[in-house]
Protein chains: 2
Amino acid sequence: MLSSSIEPTGDDATSLTHTADLPVTGLKGRLLNHLEAAPLHASQRLPSEREMIERFGTTRVTLRDALLQLEAEGRIYRENRRGWFVSPPRLRYDLLACLPFHEMVQSQQRVASTEVLAAQEVPADEVIAQRLGIARGAGVYRITRVRRIDGRRVLHVCHHLRRDCFPGILDFDLSAHSLTTLYLHQYAIRIRRVSFELASSVFDAETAVALNAAPGSPAQRITRINFDQNGRAVDCDDEHWRHDAIELTLSAAPQR
Amino acid sequence: MLSSSIEPTGDDATSLTHTADLPVTGLKGRLLNHLEAAPLHASQRLPSEREMIERFGTTRVTLRDALLQLEAEGRIYRENRRGWFVSPPRLRYDLLACLPFHEMVQSQQRVASTEVLAAQEVPADEVIAQRLGIARGAGVYRITRVRRIDGRRVLHVCHHLRRDCFPGILDFDLSAHSLTTLYLHQYAIRIRRVSFELASSVFDAETAVALNAAPGSPAQRITRINFDQNGRAVDCDDEHWRHDAIELTLSAAPQR
DNA sequence: GAGTGGTCTAGACCACCTC
DNA sequence: AGGTGGTCTAGACCACTCC
């Protein structure tokens with residue numbers, strides 16, 4: 001499945017090693033690029049590392065370097081201890097469209113699903129209290145969810161909602177309804193301003209487990225605070241995306 | 001310089017290897033975390049890899065893995081073939097404030113500088129033509145610059161300006177003036193809408209060279225299109241940042 | 001010229017997933 | 001139980017930086 005169309009003039013795997021006396025930097029990476037270009041489709045599994053080693057006439061460490069490179073480029077991804085897969089196209093995530101996740105995904109001809117990991121009332125810690133402008137220790141609802149696109153776990157989100165804004169919201173089915181829809185229809189709260197903080201990082205251990213990602217693989221962090229029609233911060237969330245899963249977009253008027 | 005306060009109970013380097021029978025995953029990474037927490041300051045150079053190997057009783061490959069982890073976390077960075085350094089705090093980059101680079105940096109008590117790599121008129125290629133809504137082959141000015149914060153090269157940016165909007169703009173000193181200021185004062189063009197596309201990736205070879213980054217190290221890509229008071233796309237740019245150099249922020253009203 | 005990081009070889013053991 | 005990825009050892013050569 002892999003052997004064809006990697007090197008036009010090459011006659012199978014052994015020929016690849018012949019190029020080793022060229023400037024080798026990233027050569028393996030380039031081979032793997034070619035490898036993807038031709039025969040592999042989105043979400044298809046790559047051959048096992050040991051198989052690729054043999055195919056390319058290289059060692060585990062070198063191959064691994066190349067794979068990690070491609071991972072950093074967002075072209076392939078790992079599931080922890082399960083193997084390497086070709087990255088599907090990035091979901092375009094318009095930060096200011098504020099579409100519910102399922103709608104956003106559906107509108108791009110993909111399939112979304114959501115799993116609630118935990119939903120409970122907790123006292124606000126320092127960070128949350130500050131973001132929401134409430135007293136430390138005040139009651140908030142914490143909702144942790146994992147979201148999938150086409151079956152692949154791509155997003156870990158942790159919401160914190162002000163209890164005084166959304167009393168009893170935990171009684172709704174949180175895997176079926178979008179929060180913003182509940183806000184509007186059940187609580188007459190409309191999000192009028194959003195504020196974001198974005199940075200690229202890596203998954204922490206817990207998040208990695210939830211997404212079945214290798215600990216330390218690259219992640220996109222998105223922290224959001226939502227303000228209602230009265231300018232009050234009503235909830236915030238911490239999103240951690242597989243970094244290859246999204247491309248962020250936004251369009252707005254500059255301030256002042 | 002490194003030997004103190006890494007392991008409270010440890011009596012120097014050899015003790016570190018005693019912990020090797022614990023779950024070792026990321027142990028080296030954690031050691032290096034401690035290592036940073038204590039005695040190293042922003043932009044300070046880490047000891048040479050061979051020195052750290054000895055200090056931690058490990059091998060090159062393992063150490064390198066740990067360092068690459070910390071790089072992915074944005075805690076340290078490389079200059080190509082020069083060594084590893086502690087990452088300075090991230091610059092907060094408000095996407096919608098549209099502050100000139102020098103002002104943004106200065107307002108955070110940092111020092112900015114800019115270097116013009118190239119500035120010339122070229123025909124618009126497919127991508128640029130599409131972004132700017134002009135004919136393929138139409139004249140555009142391409143300006144490539146490298147920007148520094150506190151002396152560190154963190155940003156490679158390539159602008160494309162419509163020639164018909166900014167005739168003769170290349171005659172100005174582009175390392176001293178901000179483009180948006182020139183737009184406003186020399187051409188009476190004011191940016192009224194911006195549209196962004198963000199994704200995390202790695203540096204390509206050319207960009208890496210310009211920033212003195214190792215090829216393949218993690219990067220944040222920011223593509224921007226600027227629209228003037230008539231709704232016309234007047235310029236666009238492709239920014240590639242060292243991913244540890246920035247934290248993006250924005251605050252706006254959601255659409256609709 | 002000495003030392004550095006960048007790249008590579010050739011193995012090994014273990015935890016975990018899949019069958 | 002066999003195979004997988006995750007982690008690690010112990011070296012090597014080269015291109016480049018810095019002195």
Side-chain angles (χ1 to χ4, degrees), chain A residues 13-14 16-32 45-72 76-85 153 202-203 205 208-209 211-218, chain B residues 14 16-32 45-72 76-85 153 202-203 205 208-209 211-217:
Chain A
T14 52
L16 300 176
T17 54
H18 296 343
T19 60
D21 40 1
L22 295 176
V24 196
T25 308
L27 188 146
K28 289 299 175 319
R30 241 164 276 139
L31 292 177
L32 289 162
R45 190 171 176 281
L46 270 59
S48 81
E49 295 185 358
R50 284 163 179 89
E51 199 174 330
M52 287 191 274
I53 287 171
E54 197 145 345
R55 195 103 72 182
F56 294 128
T58 183
T59 55
R60 196 84 185 286
V61 176
T62 305
L63 177 73
R64 215 122 207 297
D65 273 358
L67 292 170
L68 290 168
Q69 269 293 317
L70 293 170
E71 180 187 48
I76 63 177
Y77 68 96
R78 276 183 282 180
E79 301 218 347
N80 198 24
R81 292 184 178 280
R82 284 197 358 103
W84 296 89
F85 301 83
R153 282 180 270 195
V202 299
F203 291 119
V209 167
L211 294 182
N212 208 0
S217 47
Chain B
T14 53
L16 300 177
T17 55
H18 295 344
T19 60
D21 41 359
L22 295 176
V24 197
T25 308
L27 188 146
K28 290 298 176 320
R30 243 164 275 139
L31 292 177
L32 288 161
R45 190 171 175 282
L46 270 59
S48 80
E49 294 185 359
R50 284 163 179 89
E51 200 174 329
M52 286 190 276
I53 287 170
E54 197 147 344
R55 194 103 69 184
F56 294 128
T58 183
T59 55
R60 196 81 186 286
V61 175
T62 305
L63 176 73
R64 216 122 208 296
D65 273 359
L67 293 170
L68 290 168
Q69 269 293 319
L70 292 170
E71 181 188 47
I76 63 176
Y77 67 97
R78 277 183 282 180
E79 301 219 346
N80 198 25
R81 291 184 179 280
R82 283 196 359 101
W84 297 89
F85 302 82
R153 281 180 272 196
V202 299
F203 291 119
V209 167
L211 293 182
N212 208 0
S217 47

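Bear in mind that the values here come from a model prediction, so they are computed numbers and not experimental data. Proteins get letters first, then strands, A, B, ... in listed order; numbering begins at 1 in each.
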Quiz item: Would you say A:L68 and A:R78 make side-chain contact, with heavy atoms under 4.5 Å?
Solution: yes
Practice problem: Enter the distance from B:N80:CG to B:L211:CG here, rounded to the nearest 0.5 Å. | Solution: 11.0 Å
Quiz item: What nucleotide, of D:dG5, C:dG5, D:dT9, holds the atom closest to the side chain of B:V61?
Solution: D:dT9
Quiz item: Taking OP1 and OP2 of D:dC8, is either one under 4.0 Å from a side-chain nitrogen or oxygen of B:T58?
Solution: no
Quiz item: Within this structure, what is the CG-to-P distance between B:L46 and C:dT4, rounded to whole angstrom?
Solution: 13 Å
Exercise. Go through the structure and list residues passing salt bridge (Lys or Arg N to Asp or Glu O under 4.0 Å) with B:R81, not counting sequence neighbours.
Key: none
Quiz prompt | Interatomic distance, A:E49 CD vs C:dA12 P [rounded to whole Å] | solution = 17 Å
Exercise. Provide the closest heavy-atom pair for A:G216 versus B:Q69 in the form atom of the first, atom of the second, distance.
Key: O-NE2, 3.2 Å
Quiz item: To the nearest 0.5 Å, how far apart are CZ in A:R50 and CG in A:L63?
Solution: 11.0 Å
Practice problem: In whole angstrom, give the distance that lies between atom CZ of A:F56 and atom P of C:dT9. | Solution: 13 Å
Self-check item: Interatomic distance, B:D65 CG vs D:dG5 C1' [rounded to whole Å]
Solution: 13 Å
Quiz item: Heavy atoms under 4.0 Å, any strand shown: does A:T59 hit a base, just sugar-phosphate, or nothing?
Solution: base
Quiz item: Whole-Å distance between D:dT17 P and B:F85 CZ?
Solution: 13 Å
Quiz item: Just to confirm, is there a sub-4.0 Å distance from OP1 or OP2 of D:dT9 to any side-chain nitrogen or oxygen of B:T62?
Solution: yes
Practice problem: Calculate the interatomic distance between A:I53 atom CD1 and D:dT4 atom P; express it in whole Å. | Solution: 10 Å
Self-check item: A:L68 CG - D:dG5 P separation (whole Å)
Solution: 13 Å
Self-check item: Under 4.0 Å protein heavy-atom contacts per nucleotide of nucleotides 13-19 of chain C, with B for base, S for backbone only and - for none
Solution: B-BSSS-
Exercise. Would you kindly give the CH2-to-C1' distance between A:W84 and D:dG5, to the nearest whole Å?
Key: 9 Å
Self-check item: Spacing of CG belonging to B:L67 relative to CE belonging to B:M52, to within rounding of 0.5 Å
Solution: 5.0 Å
Quiz item: By salt bridge (Lys or Arg N to Asp or Glu O under 4.0 Å), which residues pair with A:R82, not counting sequence neighbours?
Solution: A:E79
